[in-house]
Amino acid sequence: MSQPRPDLAPDADLSREEMETLQREIADVAVFDDAFAFDTDALSNPLAATSSGGQPPVVVGIDQSFLTNADGDQDRALSAVVAMRGGEVIERVFAVTPLEIPYIPGLLSFREGAPILAALEELSVTPDLFLFDGSGRIHFRQAGIATHMGVVRDVPSIGVAKSLLCGSPRGNLEDLSEGTTVGIESNARVDAPDGTLLGYAVQTRQYESPNRYINPLYVSPGHRVGPETAADIALALSASYKLPEPVRLADKYADDAKTSLDD
DNA sequence: GCGACAG
DNA sequence: ATCTTGTCGC
C-alpha cells in the first residue's frame, strides 16, 4: 500500500528544471488505476448505506482564487475546500498563503500547491477522494496538480479541467451529447508513449437545441483512480451544472471567501 | 524560429 | 485566474 509523500510537496524555491524532475518522480509513484476502497455508487446518493454498512465516501472539491494588494498586484492565493458526503456539504475551509511564483503552464502545482495543502490541514473530516480544478495525468510530465496533491497526501484524486493542456482527442469534441466521453491520448508533447490513454473529454451537460453548445470537461486520473472511473465519477457528481458539484461549490466558495476578505 | 500553453 | 454589460435563448 502506498503512503503519503510529504517529501514530494511542491517547493516554489526550486529551479524550473528541479520542478520538472520532481514531477517525473511524482508521475513515477502515482497510480493511474483504481485503488480505493469506497463505494462509487454511494458518491452522490444521500441515503446510500454502503454495502459495508458505513457512511458514503467523503468527496472534497478544491479551487483557488487570488487576492490583490494595495498596488493591485496578485500577492496571495486563496484555496477553498468543500467536503461533501452523499451529495451534501459537511464542511468548508479555506487558507490564504503568499504567492511565490507566476503562473507557468505545466507548473501550476508549484504556484497553488502550498495554499491547497494548508487548507487541507484545516479539514477535520477525512477525505476519501479529491476533485481538483485542473489536470491530473493530462500533463506534459503526467503530473498535473491533481496528481501532485494526490500523491503527497496519498488520497485518490481526479483532475477536472475546463480546457485541454496537452494530448490529443481520439474523436471530434464538438456538440457531444450529454454523458458522452472521448478519450484523450498522449502525443509528442507528453512524456509518455504516443497513444497512451491520459483521460477523457467528458460532456456532463449539453443544451437541448441548436446554435450554441457547451464544451466538454477534461477529466484525468490524479492518483489511485483509473481514467474510466474518473470520467464516471465526474458524470455522477454533476447535477444541474457543467462542473461536478464539489468543484463548482469550491469555485463559488473561493470567490465568496475572497470577496468577504477584501470587502 | 514558430506555435502551444490547466489556472 | 481576473477585469465586466448586455444579451441570446430556453
Side-chain angles (χ1 to χ4, degrees), chain A residues 10 12 16 19-20 23 26-27 61-69 71-81 94 96-116 119 130-150 157-169 173 175 178 184 186-191 198-202 205-223 230 234 240-244 247-248 250-259 261-262:
Chain A
R16 181 165 180 152
M19 290 178 180
E20 298 183 352
Q23 290 183 324
I26 288 162
I62 302 155
D63 190 30
Q64 284 69 238
S65 61
F66 298 90
L67 302 178
T68 296
N69 62 25
D71 301 320
D73 302 319
Q74 288 186 341
D75 64 334
R76 291 155 293 161
L78 185 160
S79 274
V81 167
F94 73 83
V96 177
T97 68
L99 277 173
E100 314 280 12
I101 60 173
Y103 165 68
I104 300 169
L107 298 179
L108 185 67
S109 65
F110 291 89
R111 173 175 167 84
E112 306 183 352
I116 290 171
F130 289 151
L131 246 56
F132 285 92
D133 189 329
S135 280
R137 195 182 186 181
I138 297 179
H139 179 276
F140 309 122
R141 291 164 294 280
Q142 304 184 82
I145 192 157
T147 302
H148 200 154
M149 299 296 101
S157 74
I158 295 172
V160 178
K162 295 180 289 297
S163 59
L164 190 60
L165 174 62
C166 58
S168 305
L173 298 181
D175 204 7
E178 218 166 274
I184 302 294
S186 59
N187 54 23
R189 302 174 61 199
V190 181
D191 197 341
L198 302 175
Y200 283 95
V202 179
R205 297 286 291 169
Q206 189 52 280
Y207 293 133
E208 293 293 334
S209 63
N211 299 324
R212 285 193 308 171
Y213 62 85
I214 298 174
N215 292 133
L217 250 26
Y218 299 93
V219 180
S220 57
H223 181 46
S240 305
Y241 301 85
K242 169 174 173 172
L243 287 174
V247 188
R248 185 182 72 82
D251 182 286
K252 176 169 170 47
Y253 186 38
D255 220 59
D256 292 348
K258 165 197 166 75
T259 301
L261 285 183
D262 58 23

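Just so it is clear, the model here is predicted, and its values are computed rather than measured. Chain A is the first sequence line, chain B the second, and so forth, proteins listed ahead of strands; every chain is numbered from 1. Atoms considered below: every heavy atom in the structure, side chains included; atoms not considered: hydrogens, waters and symmetry mates.
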Q: With sequence neighbours excluded, tell me which residues meet side chain to side chain donor-acceptor pair (under 3.5 Å) with A/Y200.
A: A/E228
(Q) Side chains of A/L108 and A/F132, heavy atoms from C-beta outward: is any pair under 4.5 Å? (A) no
Q: Would you mind classifying the nucleic acid contact of A/G106 as base, sugar-phosphate or nothing, using non-hydrogen atoms under 4.0 angstrom?
A: base
Q | Donor-acceptor contact below 3.5 Å, side chain A/S135 vs main chain A/G159 | A | no
Q) Counting heavy atoms not belonging to A/K252, are there more than 12 under 6.0 Å from its NZ? A) no
Q: Mind checking A/I145 for me? I need base, sugar-phosphate or nothing, with any heavy atom below 4.0 Å counting as a touch.
A: base
Q.
By the 4.0 Å heavy-atom rule, please label A/L217 as base, sugar-phosphate, or nothing.
A. nothing
Q.
How would you summarise protein contacts on nucleotides 1-10 of chain C per nucleotide, using B for base, S for sugar-phosphate only and - for none, with heavy-atom distances below 4.0 Å?
A. SS-----B-S
Q. Quick one: side chain to side chain donor-acceptor pair (under 3.5 Å) partners of A/Q206, sequence neighbours excluded?
A. none
Q.
Less than 4.0 angstrom between a side-chain N/O of A/Y218 and OP1 or OP2 of B/dA6, yes or no?
A. no
Q) Is the backbone of A/T68 close enough, under 3.5 Å, to the side chain of A/R76 for a donor and an acceptor to pair up by distance? A) yes
Q. What integer distance in Å separates A/Y103:OH from B/dC5:P?
A. 10 Å
Q | Heavy-atom check, side chain of A/V219 versus side chain of A/P244, under 4.5 Å | A | no
Q: Send over the distance from A/L78 CG to B/dG7 P, rounded to a whole Å.
A: 18 Å
**Q.** side-chain contact (heavy atoms from CB on, under 4.5 Å) against A/P10, all qualifying residues, sequence neighbours excluded
**A.** A/F110, A/L117, A/H148, A/M149
Q.
In the structure I gave you, are the side-chain heavy atoms of A/Q64 and A/R111 within less than 4.5 Å of one another anywhere?
A. no
**Q.** For atom CD1 of A/I184 and atom P of B/dA6, their distance in whole Å
**A.** 14 Å
Q: Starting from P on B/dA6, measure out to CD1 on A/I101 and report it in whole angstrom.
A: 15 Å
Q | Protein-nucleotide distance (A/L108, atom CG; B/dA4, atom P), rounded to Å | A | 21 Å
(Q) Any non-hydrogen side-chain atom of A/E20 less than 4.5 Å from a side-chain atom of A/D191? (A) no
Q | Secondary structure of DNA chain C in dot-bracket form (Watson-Crick or G-U wobble, distances below 3.5 Å, | marking inter-strand pairs) | A | ..........
(Q) Categorize A/S135 for me: base, sugar-phosphate, or nothing, with a 4.0 angstrom heavy-atom threshold over every strand shown. (A) base
Q. If you look at every heavy atom in A/M19 and A/I101, which pair is closest and at what distance?
A. CE-CD1, 4.1 Å
Q.
How many whole angstroms separate atom CZ of A/R16 from atom C1' of B/dC5?
A. 10 Å
Q | Consecutive Watson-Crick or G-U pairs in runs of at least 3, all under 3.5 Å, in which DNA chain B is involved | A | none
**Q.** Distance in angstrom units between A/F110 CZ and B/dC5 P, rounded
**A.** 22 Å
Q: Quickly work out the A/R248 CZ to B/dG7 C1' distance and round it to whole Å.
A: 19 Å
Q. Looking only at heavy atoms, what is the nearest atom pair of A/I184 and A/P169, with distance?
A. CD1-CA, 3.8 Å
